[in-house]
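Below is one structure; the comments refer to it alone.
Predicted, not measured: the structure shown is a model, and the values here were computed from it. Keep in mind that the numbers below use all heavy atoms, side chains included, and drop hydrogens, waters and symmetry copies. Throughout, a chain's letter reflects where its sequence line sits, starting with A, and its residues are numbered from 1.
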Number of protein chains: 2
Amino acid sequence: MKTDKLARIHVAGWQVGSTEDFLQLSDEEAQLVALKLSLISAVKKSRIKRKLSQIDLAQRMKSSQSRIAKIEAGDPSVSLDLIVRALIASGATTRDIQAAFTAK
Amino acid sequence: MKTDKLARIHVAGWQVGSTEDFLQLSDEEAQLVALKLSLISAVKKSRIKRKLSQIDLAQRMKSSQSRIAKIEAGDPSVSLDLIVRALIASGATTRDIQAAFTAK
DNA sequence: AAATAATATGTCATTATTGACATATTTACA
DNA sequence: TGTAAATATGTCAATAATGACATATTATTT
């Protein structure tokens, strides 16, 4: 994900802004980031719920433990594809995935 | 997306199976494909609804007309990231995106 | 505490995805 | 009909994402 956006100074001053404002993301970028964060959170939740280790999940989706760790750490090298594949492989239902889009 | 899955012969014979069965995708792969298809459909719907040409949408998200065409054509070179970015850039709301996950 | 299991972090060669471009085909409409 | 706008298809050099690996750090169990 690209985060190399130019600053957009917040007129209201030094109130503690949202993460999106602080990092100067456009609305669209902010939406995508929020979506990813939500899905990432769902991955970890689902994995733990099913008592899977990162190695277990990695095997299920033919990835590696380090990739799973990176997914859950929000590493910038991780694609939305991989996040969703992890979510599915972790046993999350369609309903779970859908809920991840709703969740804050 | 990889679709290089070995055949899984359907015991029940030549009933007309689901697309997923026919293409021999694992359940997980089938879920991801279904999700992509749903989102792709949502992109086109949203774009048309807002009366945007593919060129318009491409400019909004700093991509190219040919990429948008490929998104809507379900080209295998298109990532989930790009699809979702297109959906967001087309003006789809969080609610729209969410709905895309529900839709058939 | 020490051993073991789980998770995190860094690197890299291989593979996938990208925007841009040319050009073909289809659609709208004068 | 013809012509312009929109969409589709193919290609490719540049960039991004990948699994695998080594190894560090943190939790858990004995």
Inset, instruction - Would you please confirm or rule out a distance under 4.0 Å between OP1 or OP2 of C:dT7 and any side-chain N or O of A:Arg47? - result: yes
Inset, instruction - Nearest whole angstrom, please: distance from the C1' of D:dG19 to the CD of A:Gln59. - result: 13 Å
Inset, instruction - Verify side chain to side chain contact (heavy atoms under 4.5 Å, CB included) between B:Thr93 and B:Asp96, making sure each step is shown before the conclusion. - result: CA-CA 5 Å; B:Thr93 63; B:Asp96 292 332; 3.2 Å; yes
Inset, instruction - Ignoring backbone atoms, test whether A:Arg67 places a side-chain nitrogen or oxygen under 4.0 Å from the OP1 or OP2 oxygen of C:dT11. - result: no
Legend entry - From B:Ile88 atom CD1 to B:Met61 atom CE, the distance as rounded to the nearest 0.5 Å: 9.5 Å
Inset, instruction - Could you work out which one of D:dA6, C:dT7, D:dA20 sits closest to the side chain of B:Ser53? - result: D:dA6
Inset, instruction - May I ask you to verify if any side-chain N or O of B:Gln54 is less than 4.0 angstrom from the OP1 or OP2 atom of D:dA8? - result: yes
Legend entry - Distance, rounded to the nearest Å, where A:Glu72 contributes CD and C:dA6 contributes P: 14 Å
Inset, instruction - May I ask you to verify whether the side chain of B:Ser66 and the base of C:dC21 hold a donor-acceptor pair under 3.5 Å? - result: yes
Inset, instruction - Could you check how far CD1 of B:Ile48 sits from P of D:dT7, rounded to whole Å? - result: 6 Å
Legend entry - Value in whole Å for how far the P atom of C:dT17 lies from CD1 of B:Ile68: 17 Å
Legend entry - Donor + acceptor pair across side chains of B:Arg67, B:Ser77 (<3.5 Å): yes
Inset, instruction - Can you tell me the distance, in whole Å, between the NZ atom of B:Lys62 and the C1' atom of D:dA14? - result: 19 Å
Legend entry - Atom pair distance, as rounded to whole Å: CG in B:Leu80 and C1' in D:dT18: 16 Å
Legend entry - Under-4.0 Å side-chain N/O to phosphate OP1/OP2 contact, B:Ser79 with C:dT18: yes
Legend entry - Atom pair distance, as rounded to whole Å: CG in B:Leu57 and P in D:dA6: 14 Å
Legend entry - Gap between atoms CD1 and P, on B:Ile55 and C:dA22 respectively (whole Å): 14 Å
Inset, instruction - Treating Ile, Leu, Val, Met, Phe, Trp and Tyr as nodes and any side-chain heavy-atom pair under 4.5 angstrom as an edge, say whether A:Ile97 and B:Leu80 lie in one connected cluster. - result: yes
Inset, instruction - Return the 5'-most residue of the pair B:Gln65, B:Lys70 with respect to DNA chain D, ranking by each residue's nearest nucleotide. - result: B:Gln65
Inset, instruction - Kindly say whether A:Ser90 contributes a backbone atom to a donor-acceptor pair with the side chain of A:Arg47 at under 3.5 angstrom? - result: no
Inset, instruction - Answer yes or no: does a side-chain N or O of B:Ser63 lie under 4.0 Å from OP1 or OP2 of C:dG19? - result: yes
Legend entry - Nucleotide nearest B:Leu82 when distance is taken to its side chain, options D:dG19, C:dA8, C:dG19: C:dG19
